[in-house]
Trainee: 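Structure below; questions to follow.
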2 protein chains.
Amino acid sequence: MNSAKKKPMLTNKESFVKRVSREILSGKWKPGDKLPSERELAAELGIGKTVVHSGFEKLASMGLVHIKPKSGVFVADYMKTGNIETLNAIVNLNGNELGSDIVAAILDLRLAVEGLALRALCACRSSEDIQYLRSLTKEIRDKSNCGEEELAEQFFIWHREICIRSGKSFFTLFMNTTHDVSIAFWVNYLRMYGISFAINRLEQFIDLIEARDGEGAYNLLASGISDYLARIDKQEQ
Amino acid sequence: MNSAKKKPMLTNKESFVKRVSREILSGKWKPGDKLPSERELAAELGIGKTVVHSGFEKLASMGLVHIKPKSGVFVADYMKTGNIETLNAIVNLNGNELGSDIVAAILDLRLAVEGLALRALCACRSSEDIQYLRSLTKEIRDKSNCGEEELAEQFFIWHREICIRSGKSFFTLFMNTTHDVSIAFWVNYLRMYGISFAINRLEQFIDLIEARDGEGAYNLLASGISDYLARIDKQEQ
DNA sequence: AAAAATTATCTGGTCGGACCAGTTCAATTA
DNA sequence: TAATTGAACTGGTCCGACCAGATAATTTTT
């Protein structure tokens with residue numbers, strides 16, 4: 001997901017974060033373990049302590065470590081105290097492969113957030129909303145030959161627009177918070193169903209929104225999610 | 001929420017972040033506006049450019065600004081592209097007061113996440129789970145005379161434990177991601193209902209989990225949420 | 001005069017040394 | 001042996017130096 005731009009070289013900090021997060025998530029360090037001091041790591045890696053510290057701060061914000069001031073840096077019980085960035089790190093380590101439990105969790109959240117946003121939008125939509133969604137869909141159709149991730153981004157943006165226009169702006173913030181894992185999801189979704197199917201689905205949503213059919217739109221979302229999950233389950237068998 | 005520890009003095013970076021986020025959220029800067037350069041701000045504030053840069057990075061991770069390398073720093077359309085940290089910043093600016101739309105959004109999410117976790121836990125719970133939840137509840141009862149935020153933290157942790165023990169660990173990560181706004185919610189909830197009521201509610205949940213009554217537990221959550229929202233609505237009239 | 005090329009200035013980006021303040025551990029004293 | 005003190009260790013913050021690319025201004029060419 002940090003592959004938005006080609007990055008031939010990682011900075012010292014990025015390399016450090018990548019290295020340590022991999023070590024933690026792969027089990028080399030266990031929750032509660034004390035990591036080597038900043039000075040030790042700086043000397044060992046031949047970089048400045050400030051960079052190490054900055055890297056640790058990043059790892060802390062990712063929920064992977066707990067920095068105890070003046071004492072040391074400890075591996076966090078990240079599956080218990082971690083956050084969405086922890087999930088992103090796990091997904092990154094797995095080469096952006098989502099296990100079915102992650103997918104299920106994402107989709108449950110999505111049903112909650114977008115389901116409500118869809119109903120709200122159906123109730124309050126203007127003709128300008130419909131127009132905008134149609135033009136956004138057309139844009140996506142015109143970009144059909146782009147790369148996977150770019151397309152995935154477009155689908156994310158389309159669905160985010162539902163939240164934006166529903167008047168439930170805080171849902172938008174939540175949705176953005178799941179951005180990285182959502183992109184991984186959309187990439188997989190587009191592989192599974194194909195771009196045509198996915199675009200037709202967008203058009204179905206628009207028709208339902210235009211018709212102010214909140215229940216219909218919600219059901220379309222829910223059934224799409226169920227189908228996807230069923231396919232994932234079948235794939236894993 | 002950054003009041004976990006007494007912080008009599010803010011670092012230069014913290015002051016900078018606080019100042020700029022307030023300026024953005026209060027409307028002094030509009031989405032799309034270009035902020036003064038790092039050098040200008042550093043000179044104006046009498047601090048180092050690196051600190052300004054570090055502060056801008058923080059503001060970017062909060063979804064409030066967009067850093068265009070070599071070009072400048074621009075105010076983001078944060079209600080559209082922001083994330084949970086944006087929400088935290090908004091709530092912070094409002095003195096940790098939650099508007100009803102934020103509350104509704106949080107509770108919708110919570111119903112989705114914890115609702116499923118409750119059902120899952122009812123299906124898979126062990127007697128050790130029940131024991132642990134009871135002892136956790138007792139701990140909370142023993143701490144009843146603590147400060148509001150500490151109590152709120154305890155309630156957050158209790159509900160998080162539902163996710164942890166449900167086997168849906170990724171829900172835990174999502175829940176942790178909403179930590180700060182959730183604490184604001186719990187503080188308000190405890191003010192509204194009182195600590196005794198809130199603890200009794202926990203015990204009701206445990207009884208239902210013990211009885212493996214997933215539907216009952218979900219309904220208890222849903223009805224609690226409805227009641228809270230109704231009270232909020234009434235307060236605002 | 002307009003367009004293209006070059007140069008200068010501006011921008012954010014990264015790094016590491018210097019210094020700070022608190023914690024922990026070892027040595028000394030009572 | 002327990003308490004105290006000092007040293008060593010820890011993370012925390014800041015800033016100047018330098019880098020690389022974008023943008024604006026100037027010069028050259030058509």
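A, B, ... follow the sequence lines: proteins, then strands. Residue 1 opens every chain.
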Trainee: Is it possible for you to check whether B:Arg201 lies under 6.0 Å from the centre of the six-membered ring of B:Tyr193, through NZ or CZ, and within 45° of that ring's axis?
Mentor: no
Trainee: CD of B:Glu128 to CG of B:Leu133: how many Å apart, nearest 0.5 Å?
Mentor: 9.0 Å
Trainee: Ignoring backbone atoms, establish whether A:Ser37 has a side-chain N or O less than 4.0 Å from OP1 or OP2 of D:dT10.
Mentor: yes
Trainee: Please state how far atom NZ in A:Lys34 lies from atom P in C:dT23, giving the value in whole angstrom units.
Mentor: 15 Å
Trainee: Whole angstrom is fine here: how far is it from CD in A:Glu38 over to P in C:dG17?
Mentor: 14 Å
Trainee: Under the salt bridge (Lys or Arg N to Asp or Glu O under 4.0 Å) test, which residues partner A:Asp108, sequence neighbours left out?
Mentor: none
Trainee: Hey, could you give me the CD1/CD1 distance between B:Ile24 and B:Ile90, rounded to the nearest 0.5 Å?
Mentor: 11.5 Å
Trainee: For B:Leu45 and D:dC15, give me the distance from atom CG to atom C1', rounded to whole Å.
Mentor: 15 Å
Trainee: Of the nucleotides D:dC15, C:dG16, D:dT13, which has the atom closest to the A:Ile47 side chain?
Mentor: C:dG16
Trainee: Report the residues that fulfil side chain to side chain donor-acceptor pair (under 3.5 Å) with A:Arg39, sequence neighbours left out, ordered by chain and then residue number.
Mentor: none
Trainee: Take the protein atom CG of B:Leu41 and the nucleotide atom C1' of C:dC10, then report the distance between them rounded to whole Å.
Mentor: 15 Å
Trainee: Is there a residue in residues 58-76 of chain A whose heavy atoms reach under 4.0 Å of DNA chain D, and which residues are they?
Mentor: A:Ile67, A:Lys68, A:Pro69, A:Lys70, A:Ser71, A:Gly72, A:Val73
Trainee: Nearest to the side chain of B:Val51 - C:dT11, D:dC14, C:dC15?
Mentor: D:dC14
Trainee: Could you please name the option among C:dC15, C:dG17, D:dG11 that lies closest to any side-chain atom of B:Thr50?
Mentor: C:dC15
Trainee: On DNA chain C, compare the nucleotides closest to B:Glu40 and A:Gly48; which residue's is nearer the 5' end?
Mentor: B:Glu40
Trainee: Answer yes if the ring centres of A:Trp186 and A:Phe155 are under 6.0 angstrom apart, and no otherwise.
Mentor: yes
Trainee: Expressed in angstrom and rounded to an integer, what is the separation of A:Lys49 atom NZ from D:dG11 atom P?
Mentor: 7 Å
Trainee: Check the orientation of A:His66 and A:Phe74. Use parallel for under 30°, tilted for 30 to 60°, and perpendicular for over 60°.
Mentor: tilted
Trainee: Starting at atom CZ of B:Arg39, determine the distance to atom C1' of D:dA22, rounded to an integer number of angstrom.
Mentor: 13 Å
Trainee: Looking across every strand, which nucleic acid part, if any, lies under 4.0 Å from B:Lys13 by heavy atom: base, sugar-phosphate, or nothing?
Mentor: sugar-phosphate
Trainee: Nearest to the side chain of B:Thr11 - D:dT10, D:dT13, C:dT11?
Mentor: D:dT13
